[in-house]
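Encoded as structure tokens, the structure appears first; notes follow it.
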Amino acid sequence: MYGTRLRLLSTLTAAVLITAYALAAFTAPLDADQGFSQKIFYVHVPMAIVALCGFVFGGIMAIQHLRTRDPSYDLKSYVAIHLSVVLGVGVLLTGGIWARAAWGVWFEWREPTLVSFLIVFLLYCTYQPLRFSIEDPDRQARYASVFAITAGAFVPLNFLAVRLAQPYIHPRVLNDTGGALPTGMKIPFYLALVGMALLFVTLWKYEMAHKHSRAQLRALRRKLGGEAAGAGRTAAPQVHAP
Amino acid sequence: MSSGAAIAALLRKELLLERRVPQVIPGMALFSVVTYVVFRFGLDRTSVEGSLAAGVLWVTLLFAAMLGANRLYVTDHEEGGFDGFLLAPVDRTTLFVAKALAFGLFLVLVEIVAVPAFAVLLLGPGLGAAEVGRLAAVLALADVGIAVIGTLVGALAIQTRARDLILPLIALPMLVPVIISAAKATAPVLAASGAGGLPGRWIALLCLYDLVFGLLAYAVFDFLLED
Amino acid sequence: MAATPAIELAGLTRRYGERVALDELTLTLEEGRTLVVFGPNGAGKTTLLRVLATLLRPHAGTARILGRDIPQESWAVRGKIGLLTHEPLLYRDLSARDNLRFHARLHGIGLDRIEELLDAVRLPGRADDPLHAYSRGMVQRVAVCRAVLHDPPLLLLDEPRANLDPAAAELVEPLIGAASGRTRVLTSHDPAGGLAEADLALGLRGGRTALLAGAAEVDAAAIGALYADAPPPARTAGTARTGARP
């Protein structure tokens, strides 16, 4: 079941995130050029990496869904993509704040990673409307999976294309490979990355548990013979509880 | 029943439909010319060159392609062509191949009108034989990518209730790598300073895109047809 | 004739979301026989035909059609089924001849069969006009040609005579009637006429089997009763939306 050990996981997530940001705020060295505003890097970059991994994970679950026809994979894919889109909003907001502080603009077209992320984010914004505009739940699940697989493959190719389009190197303060980071920055950064990944997993599990208990509730209501709340038209996958 | 014969039969039907009731190709060509006029006033320029010219050309062609992709399955959807096809003892991917070939052919035919119209109406520098050859090479590679994505996303969108909206919302971001490569590759060709060479990396990226999404679309298309 | 079953269904179920369109249908139809399906609109008749045509996958239960399991072996059954629905499955902007040629090529059969069929339904004179210039009855005649073009052993007919006048119904009789010698599944709203054709009668209500018996044992009144009162609610919560596919 999805509801088990959520308390432990939540506590762990909170602990890792708090440690990471405490270290980032108090012990990590200040960036020579940007000063304190550079600290947003510890939120922005891990969030972006986790969101992109979430998109790819959604694609992998979608492959599983098409192979096995097991609707629970569709639900996994849906929840992952949904969460990643929400994180994506956070990435673009923090990116904008950082760009404003560092370069005086809200959006920097010469920063290929940010541009790539925007394109990917815009593509995934259509996932929900696509699901919503297909009524038959079977077809909705299948089409969503085809979308998730195609878009998942698009993520790396898009990053390649956008990066190639920047022959001149913009002064890259954020080095997302982490290789050039001073050690004092490295530890809080990786810790924040782990924390963000844990946050994703925790939220994903909460949402899965929520969907399952809702399905069970509906099934129980049906057994009681009451007019259970009709599912209506929805973009979320329907789980059929036993 | 061989797949080749099925693809031939499907392609023949597509072309026959377009010949009997010409809709897609004239519509796309007319749209392209109208868009040039819009750009002329929108940009307030009587002629363009270099990267601006490449941008105008590719945005126009891409948007025209969205119109075409939107029409690609309308008759099949409304007149039961999908069911008729699914009842036949043929591989389902033949429909993808035939549709992509038909759409690719439509794009080429539109470009035969739209690119000369662009050269006459908006392009500052003239086009020599060498430039035309280079432009044609980039157009061909980009058309493959546009045809593959248009055919796949068109099939995805046709079963939705808001297909005119869903199709460009998915296809346009997905085609960003194509427009990056195509615009970068054609900008030197359309520059006033004379033809630059074709930058190899953009050609390579276009080829990679065509290959990856060609194979991917071929693999997932089946799932859009079954019920 | 050997009593080989052409259709064997066991517990066949198909849902649309939570609404059960076809609920645990079990029946066997022998080769060369005719099954007539009765039931009000939305009872699951069209769903049944589409499952049999391999266009919809069953969600539960098993279906063997012409000795093959659906959906695992659907590929082997396609091309042996003739489907005639309310939609003609023809392109309106193409002529009858072009439409039939397209289907003949897809099915890999010779083009002479087309002329034979056009003669049989008395359409050769107008076979090169686009279908949108035809009356509904004429379109239906072309659709009959399409359904039997590949000489399928199994015919699935959704109210095949709905748009045909008596003369036209007479014309298509040798192609889709009992005399065609094919196994047939047809839907009907006409108790007396339907029963006259049937070897086996199936009554559906809200997706459930309300009646299944040899045609000789059923009288028209029992069929009429299927339509008499409102159908019982489908097996799920009140999700049966109007406008959903039947």
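Lettering follows sequence order; numbering is per chain, from 1.
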Max heavy-atom pair count under 4.5 Å with chain C, selected residue of B/Leu86, B/Leu10, B/Leu87: B/Leu87

Top contributor to chain C interface from B/Arg92, B/Glu79, B/Arg12 [non-hydrogen pairs under 4.5 Å]: B/Glu79

Residue B/Phe63 excluded, over 12 heavy atoms near CZ under 6.0 Å: no

Chain B contact via C/Leu55 - side chain, backbone, both or neither, heavy atoms under 4.5 Å: both

Could you have a look at [options] and say which one has the most heavy-atom pairs with chain B under 4.5 angstrom?
{"options": "C/Asp93, C/Val77, C/Leu83", "value": "C/Asp93"}
{"options": "C/Ile81, C/Thr54, C/Asn99, C/Leu90", "value": "C/Leu90"}
{"options": "C/Trp75, C/Phe102, C/Tyr91", "value": "C/Tyr91"}

Straight-line distance of C/Leu186 CG to C/Ile176 CD1, nearest 0.5 Å: 8.0 Å

Spacing of CG belonging to C/Leu202 relative to CG belonging to C/Leu29, to within rounding of 0.5 Å: 10.5 Å

Chain C contact via B/Asp76 - which portion, at a heavy-atom distance below 4.5 Å: both

Chain C contact via B/Leu225 - side chain, backbone, both or neither, heavy atoms under 4.5 Å: neither

Lys NZ or Arg CZ of C/Arg14 over C/Tyr16 ring: under 6.0 Å, within 45°: yes

Reference residue C/Leu48; test side chain to side chain contact (heavy atoms under 4.5 Å, CB included); the match among C/Leu156, C/Asp158, C/Leu9: C/Leu9

Flag for C/Asp98-C/Ser95: side-chain donor and acceptor within less than 3.5 Å: yes

